[in-house]
Colleague: 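To start, I am sharing the structure in question, which I have written as structure tokens.
Just so you know, these numbers come straight off a predicted model, no measurement behind them. One is the number of the first residue; the rest follow in order along the sequence.
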Amino acid sequence: ADPLIPESFYDECIENSGNSSHALQLVESLPEPNRAVVKYMVMFLQLIANPKNHTKTKMTVANLAMVFAPNFLRCPSENPAQIFQNTKHEQAFLRTLISDASYSVDVYNDE
């Protein structure tokens, strides 16, 4: 199965993994079905990451990014060293979205 963010966006995500405004703009440029699912998933992860839930879930933003980043981004390289190197940027990209995005519930009617 393909990741939520198409491979054609991968390099830009990695290069801007810590840049909140660019990451949020990038999500807006995704194809509509991908954009809707990314926004929905980020809202869901934000609910889980809420500090009041930490005692129950033990899932911080960093933990959630570690677990869910492979569903959002997947390194196109076959080189294990490159895949390993990019993992931290993939997680940073998702941490940025979880921490900084403010999407509304009606993610399907953005137009």
Colleague: Return the minimal non-hydrogen interatomic distance between P70 and R74, and the atom names on each side.
Modeller: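 The pair with the smallest heavy-atom distance is O-NH2, 3.1 Å.
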
Colleague: Could you tell me if the side chain of F72 sits less than 4.5 Å from the side chain of L45, heavy atoms only?
Modeller: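 L45 vs F72: side chains touch.
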
Colleague: Would you mind reporting whether V38 and L30 have side-chain heavy atoms less than 4.5 Å apart?
Modeller: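 With C-beta onward as the side chain, the pair touches.
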
Colleague: If we ignore angles and hydrogens, is there a donor and acceptor under 3.5 Å between the side chains of N86 and Q82?
Modeller: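 Yes, a side-chain donor-acceptor pair sits under 3.5 Å.
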
Colleague: Is there a donor-acceptor pair closer than 3.5 Å between any side-chain N or O of K58 and the backbone N or O of T55?
Modeller: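 Yes.
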
Colleague: Judged by atom type as modelled, is there a donor-acceptor pair below 3.5 Å linking the side chain of Q46 to the main-chain atoms of A101?
Modeller: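 A pair under 3.5 Å: yes.
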
Colleague: Just by distance, do the side chain of N34 and the backbone of L4 share a donor-acceptor pair under 3.5 Å?
Modeller: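 The answer is yes, because a donor-acceptor pair under 3.5 Å joins these two groups.
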
Colleague: Looking only at heavy atoms, which two atoms of F9 and P31 are closest? And how far apart?
Modeller: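 In this case the closest contact between F9 and P31 is CE1-CD, 4.0 Å.
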
Colleague: If you round to the nearest 0.5 Å, how far is CG of N50 from OG1 of T60?
Modeller: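 Interatomic distance, T60 OG1 to N50 CG, rounded to 0.5 Å: 12.5 Å.
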
Colleague: In this structure, would I83 and I5 fall into the same cluster of hydrophobic residues linked by side-chain contacts under 4.5 Å?
Modeller: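 Not linked; separate clusters.
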
Colleague: Rounded to the nearest 0.5 Å, how far apart are OG1 of T57 and CG of N63?
Modeller: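 T57 OG1 to N63 CG: 8.5 Å, rounded to 0.5 Å.
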
Colleague: Mind listing the closest non-hydrogen atom pair of H54 and M59 along with its distance?
Modeller: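 Looks like CD2-O, 3.5 Å.
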
Colleague: Does any part of the side chain of E90, heavy atoms only, come nearer than 4.5 Å to the side chain of Y10, both counted from C-beta?
Modeller: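 Yes, close enough: below the 4.5 Å cut-off.
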
Colleague: Return the set of residues passing side chain to side chain contact (heavy atoms under 4.5 Å, CB included) with D11 (not counting sequence neighbours), or none when no residue passes.
Modeller: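 Partners of D11 under the side chain to side chain contact (heavy atoms under 4.5 Å, CB included) test: E15.
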
Colleague: Nearest 0.5 Å please: distance from the CG atom of L64 over to the CG atom of L97.
Modeller: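 Separation between the atoms: 12.5 Å.
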
Colleague: Measure the shortest side-chain to side-chain distance between E32 and R35 over non-hydrogen atoms and say whether it is less than 4.5 angstrom.
Modeller: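 E32 reaches R35 side chain to side chain.
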
Colleague: Establish whether M41 and M66 are linked, either directly or via other cluster members, by ILVMFWY side-chain heavy-atom contacts under 4.5 Å.
Modeller: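 In one cluster: no.
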
Colleague: Which atoms form the tightest heavy-atom contact between S20 and D100, and what is the distance?
Modeller: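 Minimum heavy-atom separation between S20 and D100: OG-OD2, 2.9 Å.
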
Colleague: Once you round to the nearest 0.5 Å, how far does CG of L73 lie from NE2 of H89?
Modeller: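 If we round to the nearest 0.5 Å, L73:CG and H89:NE2 are 12.0 Å apart.
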
Colleague: Show the nearest heavy-atom pair for residues M43 and Y103, with the distance to one decimal.
Modeller: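 In this case the closest contact between M43 and Y103 is SD-O, 3.4 Å.
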
Colleague: Identify the two heavy atoms, one from A62 and one from R95, that lie closest to each other, and give their separation to 0.1 Å.
Modeller: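 Scanning both residues completely, I find the closest heavy atoms to be CA-CD, 3.9 Å.
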
Colleague: Measuring from atom CG of L24 to atom NZ of K39, what distance do you get when rounded to the nearest 0.5 angstrom?
Modeller: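 L24 CG to K39 NZ: 9.5 Å, rounded to 0.5 Å.
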
Colleague: Using a 3.5 Å distance criterion without hydrogens, assess whether the side chain of T96 forms a donor-acceptor pair with backbone atoms of S17.
Modeller: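 A pair under 3.5 Å: yes.
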
